[in-house]
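Heavy atoms only: backbone and side chains are in, while hydrogens, waters and symmetry mates are out. If you read the sequence from its start, that first residue is 1, and numbering goes on from there.
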Amino acid sequence: MPESAVHVGSGKVRELYALDTDRLLLVASDRISTFDVVLPTEIPDKGRVLTGLSAFWFSRTQHLVPNHLLALRDDGRGTECRRLEMLPIECVVRGYLAGSGWKDYRATRAVCGHTLPAGLIESQRLPQPIFTPATKAQSGHDENIARDAAAELVGRTRFDEVERIALELYAFVSDHARARGIVLADTKLEFGVDDTGRLVLGDEAFTPDSSRFWPADAYEVGATPPSFDKQFVRDYCESLGWDKTDPGPELPEDVVTGTRARYVEAFERLTEMSFDDYLTDPSVVLT
Ligand code: PZK
């Protein structure tokens, strides 16, 4: 990091720095988490795959909403971005019934105030994608909230705008992914507001860490489809009988290699670009 960058935050697998009053630097590490625990073994290039994919989507969705991306660092893992006033909600869109959406549906037949048809089963495609906001938990799990609660947090006009934009983004990206053999089951987006009051897409977008990617050829309704990226890691952890508390296990070399290959495969299928070309010059994803 050539300029003086002040560390301002840590996520499980990412770091955030301030470059100046208007700009932040998001750095994606090669750390991987599973069952909410960060493992001691890294996946080489995972941070670069996520940074490149996110930048690809920012570039491809500019016609739908402005975003915070200013530049990619030459190392391929840093994103310089415009500093925003972030909205205090996670903007989740679900096209399929998985994770907490499936859990809430089973308990109440509704998700965040969307009452759904009876008789849906796990992983089923929804009649139409739904916007299911969640609170930003400081630690622990984000909690799904009713639409009215979310509208109270950001204001009704802003709520209507983020819902519309988030659904448009999901439709655009899920169509693109499905045509390339990947099901985008759901995704979490974060928006902010710039100094002129414009809504801007921030954070990372449509990466395997912020979305549920399923391989289309293994997708089956009524089952838990394998995660596109983390399935080897999950299967290995399950085989150990690890109790899913910190610290997690070290990963063997074949699990690391296989998982890295899955991240690179997701990048290459979705971008239709060579990951080696990205490593040579990250700006290829912006063109
Ligand atoms: C912002 N986070 C999440 C936490 C991370 C990331 N453009 C922006 N303007 C202002 N704030 C943020 C962003 C973005 N993106 C993102 N928190 C604040 C986060 C910890 C580490 F890498």
Side-chain angles (χ1 to χ4, degrees), residues 7 9-16 26-54 75-79 90 92 96 98-103 122-123 134 136-144 182-188 203-204 206-220 222-270 275 278-279:
H7 188 246
S10 288
K12 278 207 299 263
V13 302
R14 297 182 303 160
E15 304 296 333
L16 190 60
L26 262 169
V27 179
S29 74
D30 291 338
R31 298 192 293 274
I32 187 168
S33 68
T34 188
F35 306 111
D36 277 325
V37 174
V38 177
L39 301 181
T41 311
E42 297 194 329
I43 306 299
D45 293 324
K46 170 177 177 278
R48 291 186 176 90
V49 165
L50 268 57
T51 297
L53 251 186
S54 196
D75 65 5
R77 68 167 74 249
T79 306
E90 311 271 13
V92 178
Y96 293 74
S100 67
W102 167 237
K103 205 167 137 255
E122 187 174 14
S123 307
K136 290 186 185 182
Q138 285 308 334
S139 60
H141 266 145
D142 299 338
E143 198 183 321
N144 290 341
I182 294 175
V183 172
L184 177 64
D186 53 45
T187 195
K188 183 197 81 176
D203 205 67
E204 63 179 307
F206 302 107
T207 68
D209 277 10
S210 66
S211 312
R212 220 176 242 112
F213 287 179
W214 292 330
D217 58 17
Y219 167 72
E220 252 189 285
T224 312
S227 149
F228 195 94
D229 49 313
K230 290 181 179 167
Q231 201 58 41
F232 297 144
V233 172
R234 297 213 180 125
D235 291 349
Y236 174 72
C237 289
E238 297 281 14
S239 79
L240 295 176
W242 165 51
D243 66 1
K244 296 168 190 172
T245 64
D246 200 47
E250 297 268 8
L251 301 175
E253 190 176 273
D254 61 318
V255 172
V256 171
T257 305
T259 301
R260 182 188 180 280
R262 295 292 279 169
Y263 279 103
V264 171
E265 184 185 346
F267 177 97
E268 293 190 329
R269 275 161 76 163
L270 291 169
F275 184 62
Y278 176 74
L279 295 180

Interatomic distance, R77 atom CZ to D30 atom CG [nearest 0.5 angstrom]: 4.0 Å
May I ask you to check whether D209 and T207 show a side-chain donor-acceptor distance below 3.5 Å? no
With a 4.0 Å cut-off on N to O distance, would you call D36 and K244 a salt bridge? no
Check whether any side-chain heavy atom of Y278 lies under 4.5 Å from a side-chain heavy atom of T51, and answer yes or no. yes
Under 3.5 Å donor-acceptor, S123 side chain and A223 backbone: yes
Measuring only between side-chain heavy atoms, which start at C-beta, is T259 closer than 4.5 Å to Y236? no
For the residue pair Q231 and S227, what are the closest heavy atoms and their distance? OE1-N, 2.7 Å
From CZ (F232) to CG (L251), nearest 0.5 Å: 12.5 Å
For G99 and R212, which heavy atoms make the closest approach, and how far apart are they? CA-NH2, 3.4 Å
Taking NZ, NE, NH1 and NH2 as the nitrogens, is one of them in R260 or E42 under 4.0 Å from a carboxylate oxygen of the other? no
For the student: nearest non-hydrogen atoms of K46 and R31, plus distance: NZ-O, 2.9 Å
Give a yes or no on this: more than 12 heavy atoms of other residues, nucleotides or ligands lie within 6.0 Å of atom CD of E238. yes
Any donor-acceptor pair under 3.5 Å linking the side-chain atoms of T224 with those of E122? yes
Side chains of K230 and S33: does their closest heavy-atom pair fall under 4.5 Å? yes
Let me confirm one number: the CD1-CG distance from I43 to L50, rounded to the nearest 0.5 Å. 11.5 Å
Shortest non-hydrogen separation from A137 to H141 and the atoms involved: CB-O, 3.3 Å
With a 6.0 Å cut-off (strictly less than), is the heavy-atom count around NZ of K103, excluding the residue itself, greater than 12? no
What is the minimum heavy-atom distance between V13 and I32, and which atoms define it? CG1-N, 4.2 Å
F275 side chain reached by D45 side chain, heavy atoms, under 4.5 Å: yes
Looking at D203 and R14, is there a salt bridge between them, counting it only when a charged N and a carboxylate O are closer than 4.0 Å? yes
So, do N144 and V92 sit near enough that their side-chain heavy atoms are less than 4.5 Å apart? no
With a 4.5 Å heavy-atom cut-off, do P249 and L39 have their side chains touching? yes
So does P208 get a backbone contact from the side chain of Y263, meaning a donor-acceptor N/O pair under 3.5 Å? no
Spacing of CZ belonging to F206 relative to CG belonging to L270, to within rounding of 0.5 Å: 11.0 Å
Please report the shortest heavy-atom distance between F228 and W214, naming the atom on each side. CD1-C, 4.3 Å
Side chains of P215 and P226, heavy atoms from C-beta outward: is any pair under 4.5 Å? yes
Taking the side chain as everything from C-beta on, heavy atoms only, tell me whether V233 gets closer than 4.5 Å to F35. no
Please say which of T187, D229, D186 ends up in a side-chain hydrogen bond (donor to acceptor under 3.5 Å, both in side chains) with S211. T187
